[in-house]
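Contents: one structure, followed by commentary.
Below, chain A is the first sequence line, B the second, and so on; all start at residue 1.
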Protein chains: 2
Amino acid sequence: MDSSGTRRQNTRRKLFEAAVTLIAEQGFSSTTVDEIAERAGVAKGTVYYNFASKTVLFEELLRHGIELLTDSLQAAADETAERGGSRVDALDAMIRAGLDFITRYPSLTQLYVAELWRTNRAWQSTLMQVRQKAIAVIEAVLTEAVATGELSTELDIPLTASALFGMVLVAALDWQSFQPERSIDEVHSALSRLLQGRVSGAGR
Amino acid sequence: MDSSGTRRQNTRRKLFEAAVTLIAEQGFSSTTVDEIAERAGVAKGTVYYNFASKTVLFEELLRHGIELLTDSLQAAADETAERGGSRVDALDAMIRAGLDFITRYPSLTQLYVAELWRTNRAWQSTLMQVRQKAIAVIEAVLTEAVATGELSTELDIPLTASALFGMVLVAALDWQSFQPERSIDEVHSALSRLLQGRVSGAGR
DNA sequence: ACTTTTGCACTGACCGGTCAGTCCAAGGTT
DNA sequence: AACCTTGGACTGACCGGTCAGTGCAAAAGT
């Protein structure tokens with residue numbers, strides 16, 4: 001029926017899913033193409049029918065993954081704006097969206113972290129673009145917040161965006177690896193408090 | 001004279017130095033023992049004379065590295081206490097120490113980040129201990145700060161410690177990879193501001 | 001018909017680990 | 001002084017296994 005392009009699409013999806021978990025666990029180099037094919041329930045030849053090489057499979061995986069993240073962050077920011085929330089509320093919503101994302105795609109996140117700051121790798125430039133797209137969404141909200149006077153003009157936007165990104169990323173990964181019993185709301189509120197400066201005592 | 005034990009020590013040091021940069025760039029699996037030996041200016045056999053295996057070499061490297069970090073964070077906290085600074089000042093000093101550390105040993109940091117959240121790896125448990133030691137130093141300061149009333153008792157200590165760690169880590173790595181022209185003081189003050197809640201406008 | 005998948009044998013490069021042997025400085029021995 | 005001997009450190013050729021990628025004929029799917 002609707003199936004025409006869908007068959008190929010479907011095997012590609014299965015290959016992505018297989019690859020992402022395996023590579024997150026073992027790393028790119030120690031994951032074999034045979035393993036990926038087996039986990040996806042597909043013949044090895046099919047992998048090469050659908051992707052030019054192991055590296056290309058991985059690059060497309062990265063690109064696909066970051067699209068999911070960027071869209072989700074953007075959606076969180078937009079919804080807040082529609083509801084008439086402040087830009088700081090938007091940041092908070094983005095923290096939540098980030099946590100949701102990491103919960104839904106933990107392997108993708110692990111894999112991304114593991115590769116991002118490496119140098120001399122084939123997919124280096126793919127990864128740079130990908131990172132830039134995600135950070136840009138955060139920076140945009142910060143910039144607006146400064147423009148509306150919500151945040152201080154002294155704010156170092158690129159650095160703060162990185163730091164926020166890192167804060168959410170590491171807290172979420174630690175949460176999942178080392179204290180999975182905590183609820184997402186606990187994590188969210190701890191981060192929210194940190195963002196809004198309610199860590200340091202009463203106020204100020 | 002003093003040379004007998006020293007010769008081996010020296011070779012091991014050279015091997016560590018060679019391994020840390022190569023593995024940070026390429027990852028553990030795609031770094032060959034031949035490469036490590038060549039960069040260290042030593043024959044391949046020497047690697048195996050000094051270390052039982054490639055994995056053991058790496059594990060010892062991790063252990064050695066984290067000791068440097070933990071000591072440095074602890075020293076920062078202690079010095080602040082001696083000077084009679086508050087516990088929040090101590091956190092600030094630790095941020096600085098973290099940034100200094102990452103500046104001095106960028107490769108070690110990259111490598112650590114890349115491996116920390118992986119599962120099913122040989123050195124998993126080594127890495128867990130190592131992480132716990134570093135986080136514990138931050139948690140101790142947070143606990144003291146709560147005890148003295150400097151920070152709210154509602155503070156979620158483990159989560160906040162993770163988040164702080166991540167904030168510094170990611171901001172520093174991004175700084176080095178993508179905007180190396182910035183000074184360490186700029187980075188420090190941006191993070192400091194975030195920690196002390198001076199991001200969100202006047203006060204709220 | 002034509003696209004996609006399968007199954008499987010095969011290749012050639014690469015890589016972790018081994019091992020017989022070299023080098024040399026610091027004691028003996030004569 | 002001239003000569004072994006010992007033992008720790010190092011060497012590099014070599015071996016066995018692994019793995020990305022190929023080729024292709026037959027089957028399945030649409």
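Straight-line distance from the CZ atom of A:R8 to the C1' atom of C:dT6: 15 Å, rounded to whole Å. In this structure, the NZ atom of B:K14 is 11 Å from the C1' atom of D:dC10, given to the nearest Å. Nucleotide D:dT30 holds its P atom 14 Å from the CD atom of A:Q9, rounded to whole Å. Atom CG in A:N10 sits roughly 13 Å away from atom C1' in D:dG29 (whole-Å rounding).
Using a 4.5 Å cut-off on side-chain heavy atoms (C-beta onward), A:R118 and A:L127 make no contact.
Annotation: cation-pi pair B:R131/B:F165 absent, no NZ/CZ under 6.0 Å from the ring centroid and within 45° of its normal.
Of the residues in residues 28-44 of chain B, those placing a heavy atom less than 4.0 Å from an atom of DNA chain D are B:V42, B:A43, in numerical order. Of all the residues in residues 45-62 of chain A, A:Y48, A:S53, A:K54 reach under 4.0 Å from DNA chain D with at least one non-hydrogen atom.
With 3.5 Å as the limit, one finds a donor-acceptor pair spanning the side chains of A:T21 and A:R39. No side-chain donor from either of B:T80 and B:D89 sits under 3.5 Å from a side-chain acceptor of the other.
The environment of CD in B:E186 is crowded: more than 12 heavy-atom neighbours from other residues, nucleotides or ligands sit within 6.0 Å. The environment of CZ in A:R104 is sparse: at most 12 heavy-atom neighbours from other residues, nucleotides or ligands sit within 6.0 Å.
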Pairs of donor and acceptor atoms involving the side chains of residues 53-66 of chain A, under 3.5 Å and at least two apart or interchain, shall be tabulated with distances.
unit_1: A:S53; atom_1: OG; unit_2: A:T55; atom_2: N; d: 3.4
unit_1: A:S53; atom_1: OG; unit_2: A:V56; atom_2: N; d: 3.2
unit_1: A:K54; atom_1: NZ; unit_2: A:F28; atom_2: O; d: 2.9
unit_1: A:K54; atom_1: NZ; unit_2: A:T31; atom_2: O; d: 2.7
unit_1: A:E60; atom_1: OE1; unit_2: A:R12; atom_2: NH2; d: 2.5

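Listed here is the closest heavy atom pair of B:Q176 and B:T103: NE2-CA, 3.6 Å.
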